[in-house]
Amino acid sequence: MVRGITPAALAELARTLTATHDVFAPRRCGDRLVLDRLASAGAGELPWNAYRLPEPLKAIWFQPGRILARWPRRDGETAPRPRVLFGAKACDLKAVACLDRVLRDHEFKDPGWCAARESTLVVAGDCTDCAESCFCSMLGDLPYPTGLFDLCLSPAEGGYLVETGSERGERLVADHAGLFSDAAPESVERRADARAELAARVRRQNERFPVRDPFEKSVSKHDRTRIWAELAATCVECNACNMVCPTCHCFLLHDVRAGDAALRLGLWDSCFSAGHARMAGGLTPRLQLTERFRNHYQHKFVAFPRNWGITACSGCGRCIEACMGRIDKRECLHKLETRWIPSEVAQEID
Ligand code: SF4
Ligand code: SF4
């Protein structure tokens, strides 16, 4: 059921929730919006992020430097405070679906990820604008959430439409019924129009990268061609693309002392680093940068969909904005699709 809420009532809801939850929401920082923890008092109206925030929201569930083990063990540790996350967009939620596949939905369940997912209430929102780098349309995705949220906000006259996406969301609305109103049917129709319009805009801005073949085909056909040297020519191995990517989830173990205790931490890792796949004997299977560059694409667009049924890219465009080498993933994917020179195979990478 779709309801309505004013910006003041939404701020009141967020402020009330800070009593029982850690509330994360967009905050204005100069001319940008960043994700920040909401102070309990004087929050004011929440700024609306028209598209995804610059940082990946994976940090909410998968913090860099999270404690994976502690010695000596501490019994009776208190459970983390429940959280509320405002400002998630469709591409952020697709990334959560990717990480759920790896960290929750099979025989090995990452306890930290599962606990954080369980205890985080997601208040998502439609995109009402797009960054130049956004390309969810190229992956067949839409710029508004279709699942994995508890509440979803869509701007409407006088405030927002609120759609519930879970029992938890329904309970939240029921517990704060005084803050919500009935939504006018015309507002729901206008929401459909606004959504279609924005989806068309994202498609239009990416028209110069027409997609004819599935990316799995475009990338895998270059298994053994030299195109990767050309695509990676300006890569400086800064790892920024992996750090900002909401679907990247590789981590390495790092042990530290903390007083009398020893902690094992999980630090975010990057497949662009020379040591990423190094084995105990010192052997590394991807010594050359071009091989690591190729692996990045093969993992996201070939191996991940084959293993998990979903592409490990949400088209959020963060890697495009962050790249020190000005490498545009859309251009790379377009070249991978359109370039096929049979003679290149003769010059295989070994
Ligand atoms: S690969 Fe780039 S566009 Fe795709 S999800 Fe990661 S950061 Fe976003
Ligand atoms: S952000 Fe760009 S330069 Fe840095 S590792 Fe990724 S592709 Fe290379």
Side-chain angles (χ1 to χ4, degrees), residues 35 49 51-62 64 88-102 127 130-143 145 148 202-203 205-206 209 211 214-216 218-219 227-251 268-277 286 288-305 308 310-336:
L35 189 69
N49 56 317
Y51 48 85
R52 48 88 184 147
L53 293 166
E55 64 266 61
L57 304 190
K58 66 184 176 186
I60 290 288
W61 297 278
F62 193 73
K89 299 299 184 186
C91 55
D92 296 312
L93 299 175
K94 179 181 179 184
V96 169
C98 289
L99 271 64
D100 274 350
R101 302 283 209 285
V102 179
C127 289
C130 53
E132 194 284 323
S133 59
C134 291
F135 66 97
C136 58
S137 58
M138 288 174 64
L139 291 135
D141 297 327
L142 293 162
L148 288 183
V202 181
R203 276 198 301 277
Q205 81 165 10
N206 289 297
F209 307 110
V211 182
F215 290 136
E216 186 180 335
S218 311
V219 175
I227 196 170
W228 302 101
E230 177 191 325
L231 301 182
T234 56
C235 175
V236 293
E237 301 180 56
C238 66
N239 301 324
C241 50
N242 289 140
M243 296 300 118
V244 297
C245 179
T247 71
C248 284
H249 51 274
C250 288
F251 62 94
W268 289 358
D269 200 358
S270 166
C271 57
F272 279 84
S273 303
H276 176 260
R286 293 186 287 273
Q288 305 299 323
L289 170 61
T290 47
E291 295 167 322
R292 298 196 288 279
F293 197 94
R294 178 182 61 187
N295 172 68
H296 175 88
Y297 281 75
Q298 284 182 328
H299 181 70
K300 285 187 173 301
F301 298 101
V302 182
F304 205 92
W308 305 106
I310 187 170
T311 307
C313 173
S314 64
C316 73
R318 289 182 176 97
C319 57
I320 298 171
E321 288 178 6
C323 183
M324 305 275 282
R326 301 260 183 273
I327 295 171
D328 188 321
K329 200 158 242 110
R330 295 168 296 189
E331 272 172 28
C332 292
L333 289 166
H334 187 57
K335 281 184 185 169
L336 287 163

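Both counts, for ligands and for their atoms, begin at 1 and track the order of listing.
Each of the atoms 5 (S) of ligand 2 lies under 4.0 Å from some heavy atom of F272. Close approach to G325 involves these atoms of ligand 2, each under 4.0 Å from a residue heavy atom: 3 (S). Near C245, the atoms of ligand 1 lying under 4.0 angstrom from a non-hydrogen atom of the residue are 1 (S), 5 (S), 6 (Fe), 7 (S). The distance from ligand 1 to the heavy atoms of F135 drops below 4.0 Å at these ligand atoms: 3 (S). Less than 4.0 angstrom separates some heavy atom of K329 from each of these atoms of ligand 1: 1 (S). Each of the following atoms of ligand 1 lies closer than 4.0 Å to a heavy atom of S314: 4 (Fe), 5 (S). Every atom of ligand 1 is numbered from 1 in the order shown, and the set under 4.0 Å from a heavy atom of G317 is 3 (S), 8 (Fe).
Contact annotation: the side chain of F301 approaches that of T311 to within less than 4.5 Å [non-hydrogen atoms, C-beta and beyond]. Two residues are said to be in side-chain contact when any heavy atoms from C-beta on lie closer than 4.5 Å; C316 and D92 fail this criterion.
Between atom 2 (Fe) of ligand 2 and C323 there is an N/O/S contact shorter than 2.8 Å. Among the atoms of C319, no N, O or S atom is found under 2.8 Å from atom 6 (Fe) of ligand 2.
Protein heavy atom in closest approach to atom 8 (Fe) of ligand 2: C235 SG, 2.3 Å. At the top of the distance list for atom 3 (S) of ligand 2, counting protein heavy atoms only, stands V236 N, 3.3 Å. With hydrogens left out, the protein atom closest to atom 6 (Fe) of ligand 2 is C241 SG, 2.3 Å, a heavy atom. Closest to atom 4 (Fe) of ligand 2 among all protein heavy atoms lies C238 SG, 2.3 Å.
Below 30°, between 30° and 60°, or above 60°: for H299 and F304 the angle between ring planes is above 60°, a perpendicular geometry. Aromatic ring pairs are classed by plane angle as parallel below 30°, tilted from 30° to 60° and perpendicular above 60°; the pair H296 and F272 is tilted. The aromatic rings of Y297 and W228 sit tilted, their planes meeting at an angle between 30° and 60°.
Looking at K329 and E321, no side-chain N of the basic residue comes within less than 4.0 Å of a carboxylate O on the acidic one, giving no salt bridge. With salt bridges taken as basic N to acidic carboxylate O contacts below 4.0 Å, none links E55 and R318.
Contacts with ligand 2 closer than 4.0 Å are made by backbone heavy atoms (N, CA, C, O) of N239 only, the side chain lying farther away.
In this structure, Y51 places its OH atom where only 12 or fewer heavy-atom neighbours from other residues, nucleotides or ligands lie under 6.0 Å away.
Between F135 and F209, the distance separating the two ring centers is not shorter than 6.0 angstrom.
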